[in-house]
Amino acid sequence: MGTAVTIGKFDGFHLGHKLLLEKIRDYSLKHSVKSVCYKLDFGGASVLDSAEQEKAVSEYGIDDFLRIPFTPEFASSSPEDFVKNILVGELNAEYVVVGTDFCFGRNREGNADILRDLGTVYGFKVEAVDKLCLDGEVISSTGIRALLEKGDIEEAVRRLGRSYGFSGKVGSGKKLGRNLGFPTVNIIPEEGKLLPKYGVYASETYVEGKSYGSITNIGIRPSVDDGDAANVETFIYNFSDDIYGEDIRVELLKFIRPEKKFESLDALKEQISADIDAARS
């Protein structure tokens with residue numbers, strides 16, 4: 001069976017990526033071929049963790065999601081070798097969609113025009129899609145990462161076209177929040193998940209399909225831990241169920257304040273109350 005393929009880094013599966021995925025999905029449905037998202041994985045922190053990436057691709061109705069490590073061996077292949085061995089030999093591509101800035105092959109020798117020429121030789125169609133703009137600015141993974149790193153969750157989410165947050169099993173903590181009167185749930189982020197600016201966020205938490213207002217601290221909790229392992233710690237309003245070991249989802253809504261160290265637990269408790277008031281408002 002032939003395939004409709006899109007190739008890229010796909011860090012975040014943002015609104016621009018959505019255009020590429022929709023094109024291969026629509027082509028695959030019209031021509032009865034398989035749709036394939038071919039993600040080049042360069043390592044390092046990613047806006048979406050692995051499970052979120054799988055879910056994003058599935059939501060767009062894509063048949064196969066291939067996450068390919070960008071190894072030195074892979075990087076050293078020529079543009080034509082990539083086309084001949086991967087697109088034709090492995091994927092049997094008949095329709096390939098990329099961004100207009102797409103580069104591939106050794107030393108980035110290949111581009112969309114070269115891919116189109118090779119498509120003529122090897123028998124597949126190539127479509128290069130212009131970058132999507134929002135408010136006159138190109139939507140890019142680099143821009144979204146910068147927004148997250150400064151805590152601008154609202155704009156990052158607008159450009160992603162999806163929520164930004166954390167999913168995982170509730171782990172055990174030191175129960176300090178319970179002693180302070182604010183029992184929290186803890187999630188350890190997947191290694192490789194890009195964290196936003198450390199601090200306190202208004203959030204929404206999903207437990208067994210139900211949503212609850214909440215407030216979330218992202219960071220190392222300098223007032224109580226003095227460590228370097230980041231943690232996602234959430235206080236859910238009006239919620240007292242024991243959900244240890246349960247899978248939950250925490251979505252960040254708005255940055256409240258940066259993380260900071262307090263001189264006493266009383267000062268921390270007072271600040272938590274103020275943060276909750278700010279988040280609720």
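Note that this is a predicted model, so its numbers are computed, not measured.
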Practice prompt. Determine which pairs satisfy ring-ring contact (aromatic ring centres under 6.0 Å, His included) with at least one residue from residues 108-127, sequence neighbours left out, and list them in order.
Written response: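 Listed once each, the pairs would be none.
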Practice prompt. Sequence neighbours left out, what pairs pass ring-ring contact (aromatic ring centres under 6.0 Å, His included) with at least one residue falling in residues 140-164?
Written response: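 Non-adjacent pairs meeting ring-ring contact (aromatic ring centres under 6.0 Å, His included): Tyr164-Phe166.
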Worksheet item: Taking only residues at least two apart or on different chains, which pairs with a member in residues 139-152 satisfy salt bridge (Lys or Arg N to Asp or Glu O under 4.0 Å)?
Response: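 Output for this query lists Asp11-Arg145.
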Using the salt bridge (Lys or Arg N to Asp or Glu O under 4.0 Å) criterion, which residues pair with [X]? Sequence neighbours excluded.
X	value
Asp135	Arg158
Lys39	none
Glu137	Arg159
Asp49	none

Under the side-chain contact (heavy atoms from CB on, under 4.5 Å) rule, collect the residues that match up with [X], sequence neighbours excluded.
X	answer
Ile248	Val170, Val185, Ile187, Thr205, Val207, Ile243, Val250
Asn85	Asp81
Ala267	Phe262, Ser264
Arg25	Glu22, Leu29, Ile62

Taking the side chain as C-beta and beyond, is there a heavy-atom pair between [X] and [Y] under 4.5 Å?
X	Y	value
Ser167	Lys55	no
Phe235	Ile276	yes
Lys260	Gln271	yes
Val138	Cys133	yes

Worksheet item: Centre of Phe13's six-membered ring, under 6.0 Å away, within 45 degrees of the axis: is that where NZ or CZ of Arg162 sits?
Response: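 No, Arg162 does not lie over the aromatic ring of Phe13.
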Worksheet entry | side-chain hydrogen bond (donor to acceptor under 3.5 Å, both in side chains) contacts in which one or both residues fall within residues 87-97, not counting sequence neighbours |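 Of all non-adjacent pairs touching residues 87-97, those that pass side-chain hydrogen bond (donor to acceptor under 3.5 Å, both in side chains) are Tyr27-Glu94, Tyr95-Glu127.
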